[in-house]
Amino acid sequence: MRSGYRATDADDPTGGCLAGGAWLAPGLLLVSLGLLAACDSDLPSAPEPPPFEAVLVDTALLDHLNFFAADSLFGRRLASEHERRAAEYVRDRFQEYGLQPGDTSYLQTVPLPFPVDGDTGRTSQNVLGVLPGEGSLAGQWLILGAHYDHVGFLQVSEDSVVVYNGADDNASGTALMLEIARYLSDQLSGVRGTDGRRSIMFQAYGAEEPGMVGSNYFCEHPTVPMDSVVAMLNLDMVGRLRYNVLVLIGTSSSAGWIDLLAAANGTSFLSFSLSESLLGRSDQACFYLRQRPVLFLHTGMHAEYHTPYDDVWFINTEGMLRVGNLAVALLQDLAVRPDRLVFADVALKSAGQ
Ligand SMILES: [Zn+2]
């Protein structure tokens, strides 16, 4: 999530205080804007979420999480060798899964429009991997994105640092994006609807924290025509599912989202909290501003956001699997349905702020 942001109750549909009754209704679609009533201490113990069968593999998610959120990556700081190592890890997984490069190579160099540590001309990189579609739908694109950078570390004395590991922000989204890429690269091969199957581009963005520089660069230098992008799904902070409530931001960008989500939730049994307040605060923003249907999946703000305590032991892996089921089902449906989502401009002024 973009640096410098501080959640308020009005922005945060779950962060410790949930919409009244949301946790009581697993599987139902809930609109909870403005209904911030009960806090953790007011609630009876939450019921167990409904059982489900995960399509993704928890050990794979944990392997990715433990890589990105390790102290040895020093918080994946902008333009650092550690951010670069994270990008190369994503690239190596894309290669392993048989994805094709989304640019002339997997890495799209992102020039930074400001100095870093006094140096101009520094760069970050986006990592782009393609699962090609088939037939007449192959020229239409779905994008699944997540940023892999974080805010780095704090030098507290000459020989010690405090690392901001960024396990939820956004090792979680990057790990989930990778595991979905692995699953779909296998599962979708040979699958086609009546008109074939849409292509999917998996995108890992650098330089999100200083202001979504990586995703903005892709939007300004897209490697496929922007009007061929049917939908963009963004995973940012998906590791802290609580009370089985997933925050969905951007459903107003297309009238088609609600029906798609209701159908896709058949194997995840999540409760949804719909919001638009973070629409401009993560990597979906530039796609929305270019009138693409977007959906930002998010498990809510928390006390460890942008602190050195955002670590893997807080991550709800089962929750990530549940969110993974939903994202997989959405992409499977979007990949083959004959009709495409239509952008709905509901004049959400929060985008771009
Ligand atoms: Zn962040």
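First listed ligand is number 1; within each ligand, the first listed atom is number 1.
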*Using modelled atom types only, decide if a donor and an acceptor are shared between the side chain of Asn325 and the backbone of Val55 within a distance under 3.5 Å.*
yes
*Check whether any N, O or S atom of Glu208, backbone or side chain, sits closer than 2.8 Å to the Zn ion (ligand 1).*
no
*Considering residues at least two apart in sequence or located in another chain, which fulfil the ring-ring contact (aromatic ring centres under 6.0 Å, His included) criterion with Phe67?*
Tyr89
_Derivation of the side-chain hydrogen bond (donor to acceptor under 3.5 Å, both in side chains) call for Asn165 and Asp71_ = CA-CA 7 Å; Asn165 297 109; Asp71 285 347; 3.0 Å; yes
*Flag His150 as yes if one of its N/O/S atoms falls below 2.8 Å of the Zn ion (ligand 1), otherwise no.*
no
*Please note down the angle at the Zn ion (ligand 1) between OE1 of Glu209 and NE2 of His306, to the nearest 10°.*
90°
*Name of the Asp169 N, O or S atom nearest the Zn ion (ligand 1)?*
OD2
_Are more than 12 heavy atoms, taken from residues, nucleotides or ligands other than Gln155, located less than 6.0 Å from that residue's CD atom?_
yes
